[in-house]
Amino acid sequence: MPLSILRKTHFLRSPLKKKMATIVASMSPTHISPLTHLHSSPETNPPLSLFENCNSMDQLKQTHSQIIQKGIASEPILHSKIIAFCCTSKAGCMNYARYVFDTIPEPNVYIWNTMIKGYTRINCPNYAVSFYKEMLEKNIKPDTYTFPFLLKGYTSDAALQCGKLVHAHVCKFGFDSDLFVQRALVCMYSLCGQIDIACGVFDMSSKTDVVSWNVMISGYNRSKRFDESRKFFDAMGRKGVLPTSVTLVSVLSACSKLKDLETGKRVHLYIMNGNVDPSLILENALIDMYAACGAMDVALGIFESMTKRDLISWTVIVKGFVNSGQIDVARKYFDQMPERDSVSWTAMIDGYLRFNNFKEVLILFREMQTEKVNPDEFTMVSILTACAQLGALQVGEWVETYIDKNQVKNDIYVANALIDMYFKCGNTEKAVRVFEKMACRDKFTWTAMIVGFAINGQGKEALDILSDMLRASISPDDVTYIGVLCACTHNGMVNEGRNFFSSMTLDHGIEPSVAHYGCMVDLLGRAGHVTEALEVIKKMPMEPNSIVWGTLLGACRVHKNVEMAEIAAKELLQLEPNNGAVCVLLCNIYAVCNKLENLREVRHMMMERGIKKTPGCSLIEMNGIVHEFVAGDQSHPQSEEIYSKLEEIMEDLKFAGYLCNTSELSLDIGEEEKENALNRHSEKLAIAFGLISSEPRVTIRIVKNLRICVDCHHVAKLVSRIYDREVIVRDRTRFHHFRSGSCSCKDYW
DNA sequence: TTAGGGTTAG
């Protein structure tokens, strides 16, 4: 809304004025019911009751026409009645109100107020304020009703400036001590996201009633400051203000977010004692509170005893089971729902997301579309998150197009999820395009950009983004710095990383967490400073976790440092005795360094303890379907074709000078067998499948659960050159963009 | 006045 609206008159000339006059004039006499009683002294006894019985604009217009015919249309009370109907009734029409308003020679403050109320009611606060301005120009003084009507129109962050100007007028006209005006101000500030100012007005109010308290409590909920909602509720009790069901619904919502079962139970008891009338909304709020606090038995008890349930009751139960980890039970209730809207679908989709079942997310999303339920922005964020995890670029792109075409609200959450999805699918160009189009960005946006560039090996771009972020006065947080350190790590920028690590605390007051120390270990270790990396671990103010030791172990593998590897592996196995990945890494290191005796020892220990290696798994999306391959997989319907293509590829590669790199294979087997095992790695199967299933020159995108092995890395480079294909592999830690025989990681991984 | 969303070291 333009601020100028209060400073300058923008009084609207009713475009429909002429049209309305025509409508009234054209009403044929047959439409008009005979109003014989109008003959009895109309001036002294206006037929007010006629207006009170009006149910539609047609009836109102008929009555109005009669009044005009009888020559009593200038009665002020009749004007008020017509305008009140048009402005406040559900069937009302502001254009007609405007038409009548223009015929009144000197409208009184009541009529002005009613017009303001009407424009606010139809969500046109700018028209309301124009009327207000016009009223002042006509020397009509506002009264205590004027401001609540005006203020009620300001309900969003964008309206705050206008709201504040109206507040100034409230003070100027001396209405700042009126209960209703104060309440309207509290409400306006609360809805415009300024709960602290609302609180200030509330504290200064001469009188407060339960409605004002309710406005404050719901305002804190809206600002996600649930702890303060609860404090207000307690304070209200101390002041002896009795809560209404509106209060309790808000308080229960806060309890649900705070997981405050104790206060929740107190509210439940208050309701059970008959202090407020029970309602569906109240019951829903109760089951939500119990479900959120993990008391699913109580939540279900209430749900089952309800005589009437709605979508929300069911959704809350589904969500409750998802939260308690019972995804199958959640699904059972979801399947039983009599009807489902986008919120219920999203609740179920989020359940699968939470349990990392990303494929099921996409399956459910397809079902949702089959049932013709339109996804909203919340659904889209969930789907994009699943696409990011799966590397499902085509589905992700489809989502972006769907959002544009179907006017799904493209808010900051959606844009941030899009950026994250594009980066995690290796498409940095599209991520940047989304970023550039954004009208406003928050710290999540900037952080997603930094992390995104970092994992894609574009360290310089990541650091440029950090500079832009600081220039835009957005404070980085701990996650931002994880991205920054990660960018330095993936690009071997050791000194820069060291500097960022110290400036993080010195300049931004962010205390390093175990994750930040982990990044430093990675930064130093990967660059070959393995001893210094161990020093960092020793000096950490907290206990190093398994990730930190695993990072050091990974660095030892790259730099073939057996001694340090043994230290790291020992520490790791103490923390996680059954971690298969550690044993495999240690085996890799022993194999590379030709320490076969140690290798056998580890293998023996693994067998004894029943430790299994995590099977390598690669995903590749083809025409919107995600295909999954594990090492040696033969379950794919096109398996035969895939293996014969793979054979062909290996022949082509050998012809081009490829030598199989079996150095990391920990098995005590012959060279041929080793080569065979390597050739069945999941990423090779996915590459072969990609080559036979897509058009020439189309990029092959693969997501792998483990780190890509040296041999597969080499093969991918050659494939990109020999077949002229861009191959993008996202492994556990980063992206490898293979183009024309080389990789974006510059073999630094 | 009741249900839902985003970034995180290996």
Side-chain angles (χ1 to χ4, degrees), chain A residues 214-215 217-218 221 243-253 256 279-289 291-292 310-320 322 341-351 353 376-385 388 409 411-421 423-424 442-452 454-455 476-486 489-490 512-523 525-526 545-555 572 581-582 585 706-707 731-734:
Chain A
N214 289 351
V215 166
I217 293 172
S218 65
N221 277 0
T244 62
S245 70
V246 173
T247 325
L248 301 181
V249 166
S250 294
V251 173
L252 284 171
S253 171
S256 157
S279 71
L280 179 60
I281 294 177
L282 204 45
E283 282 179 305
N284 285 347
L286 268 175
I287 49 176
D288 177 50
M289 181 277 295
D310 66 1
L311 256 170
I312 296 181
S313 333
W314 282 92
T315 309
V316 164
I317 288 293
V318 168
K319 191 78 197 160
V322 164
D341 66 355
S342 64
V343 181
S344 25
W345 278 95
T346 310
M348 196 63 236
I349 285 173
D350 277 339
L353 204 55
D376 60 15
E377 66 273 21
F378 289 83
T379 323
M380 290 320 190
V381 168
S382 304
I383 302 306
L384 289 170
T385 308
K409 192 174 161 203
D411 61 13
I412 201 159
Y413 287 89
V414 171
N416 291 347
L418 270 171
I419 291 177
D420 184 48
M421 180 277 294
F423 272 126
K424 292 218 173 104
D442 61 8
K443 72 171 184 188
F444 292 97
T445 319
W446 293 95
T447 302
M449 291 298 289
I450 292 169
V451 173
I455 58 172
D477 66 5
D478 50 336
V479 184
T480 316
Y481 269 93
I482 283 175
V484 171
L485 296 175
C486 181
T489 300
H490 288 319
S513 69
V514 65
H516 297 102
Y517 283 102
C519 290
M520 288 309 285
V521 171
D522 202 16
L523 176 83
R526 231 184 265 221
N545 62 13
S546 61
I547 300 174
V548 172
W549 287 116
T551 307
L552 184 65
L553 185 60
L572 247 171
V582 180
L585 258 181
L706 307 173
R707 280 179 71 168
D731 76 5
R732 226 186 124 107
T733 61
R734 65 172 298 157

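Throughout, protein chains are lettered first and strands after them, A, B, ... in sequence-line order, and every chain is numbered starting at 1.
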query: Could you state the CG-P distance from A/L485 to B/dT8, rounded to the nearest angstrom?
result: 15 Å
task: Applying ring-ring contact (aromatic ring centres under 6.0 Å, His included), name anything that partners A/W446, two or more places apart in sequence or on another chain.
output: A/F435
message: Just the rounded figure in Å: distance from C1' of B/dT7 to OH of A/Y481.
response: 16 Å
message: Mind checking if A/V343 touches a base, just sugar-phosphate, or nothing, with heavy atoms under 4.0 Å?
response: base
- line: With the side chain defined as heavy atoms from C-beta on, A/V451 is closest, among B/dT8, B/dA3, B/dT1, to B/dT8
message: So, OP1 or OP2 of B/dA3: does either fall under 4.0 Å of a side-chain N or O from A/S256?
response: no
task: To the nearest Å, give me how far apart CG (A/D350) and C1' (B/dA3) are.
output: 12 Å
message: With a 3.5 Å distance limit and no angle check, can you tell me whether A/T551 reaches the backbone of A/I547 through a side-chain donor-acceptor pair?
response: yes
- prompt: With respect to the side chain of A/T385, which nucleotide from B/dA9, B/dT7, B/dG4 is positioned closest?
  reply: B/dT7
task: Can you figure out which of B/dT7, B/dT2, B/dA9 approaches the side chain of A/I312 most closely?
output: B/dT2
query: If only side-chain N and O atoms of A/S218 are considered, is one of them under 4.0 Å from the OP1 or OP2 phosphate oxygen of B/dT1?
result: yes
task: Give A/D731 one of three labels, base, sugar-phosphate or nothing, depending on what nucleic acid heavy atoms sit under 4.0 Å from its own.
output: nothing
message: Once you apply a heavy-atom cut-off of 4.0 Å, does A/E283 come out as touching a base, just sugar-phosphate, or nothing?
response: nothing
- line: Between CH2 of A/W549 and P of B/dG10 the distance, given in whole Å, is 17 Å
query: With a non-hydrogen cut-off below 4.0 angstrom, is A/V514 in contact with a base, only sugar-phosphate, or nothing?
result: base
- prompt: A/R732 side chain: which of B/dG10, B/dG4, B/dG5 is closest?
  reply: B/dG10
field: Donor-acceptor contact present, side-chain A/D341 to main-chain A/S344, <3.5 Å
entry: yes
message: Please tell me if A/R526 has a side-chain N or O lying less than 4.0 Å from either OP1 or OP2 of B/dA9.
response: no
Nearest-Å distance for atom pair CD1/P, residues A/I287 and B/dT2: 14 Å
query: Can any side-chain N or O of A/S253 pair as donor or acceptor with the backbone N or O of A/V249 at less than 3.5 Å?
result: no
Among B/dG5, B/dG4, B/dT7, the nucleotide that comes nearest once only the side chain of A/T447 is considered: B/dT7
Atom pair distance, as rounded to whole Å: NE2 in A/H516 and P in B/dG10: 13 Å
- prompt: In Å and rounded to the nearest 0.5 Å, what is the CG to OG1 distance from A/D288 to A/T315?
  reply: 10.5 Å
- prompt: When you check the phosphate oxygens OP1 and OP2 of B/dG4, does a side-chain N or O of A/K409 lie under 4.0 Å from one of them?
  reply: no
task: Provide, to the nearest angstrom, the distance between the CG atom belonging to A/D442 and the C1' atom belonging to B/dG5.
output: 12 Å
message: Looking only at the side chain of A/V249 (C-beta and beyond, no hydrogens), which of the listed nucleotides B/dG4, B/dA9, B/dT1 gets closest?
response: B/dT1
message: Taking donor-acceptor contacts at under 3.5 Å, does the side chain of A/D376 reach the base of B/dG4?
response: yes
statement: Against the side chain of A/A285, the closest entry in B/dT2, B/dG5, B/dA3 is B/dT2
query: Counting any heavy atom closer than 4.0 Å, what does A/D478 reach on the DNA or RNA strands: base, sugar-phosphate only, or nothing?
result: nothing
message: Could you tell me how far apart A/F444 (CZ) and B/dG5 (P) are, to the nearest whole angstrom?
response: 13 Å
query: Counting N and O atoms only, with roles assigned by atom type, does the side chain of A/H516 sit under 3.5 Å from a partner on the main chain of A/Y481, one being a donor and the other an acceptor?
result: no
- request: Give A/V414 one of three labels, base, sugar-phosphate or nothing, depending on what nucleic acid heavy atoms sit under 4.0 Å from its own.
  value: base
task: Looking at every strand, decide which applies to A/T346 at a 4.0 Å heavy-atom threshold: base, sugar-phosphate, or nothing.
output: base
- request: State which residues pass side-chain contact (heavy atoms from CB on, under 4.5 Å) with A/N284; sequence neighbours excluded, sorted by chain then number.
  value: A/L280, A/I287, A/M306, A/D310, A/I312, A/S313
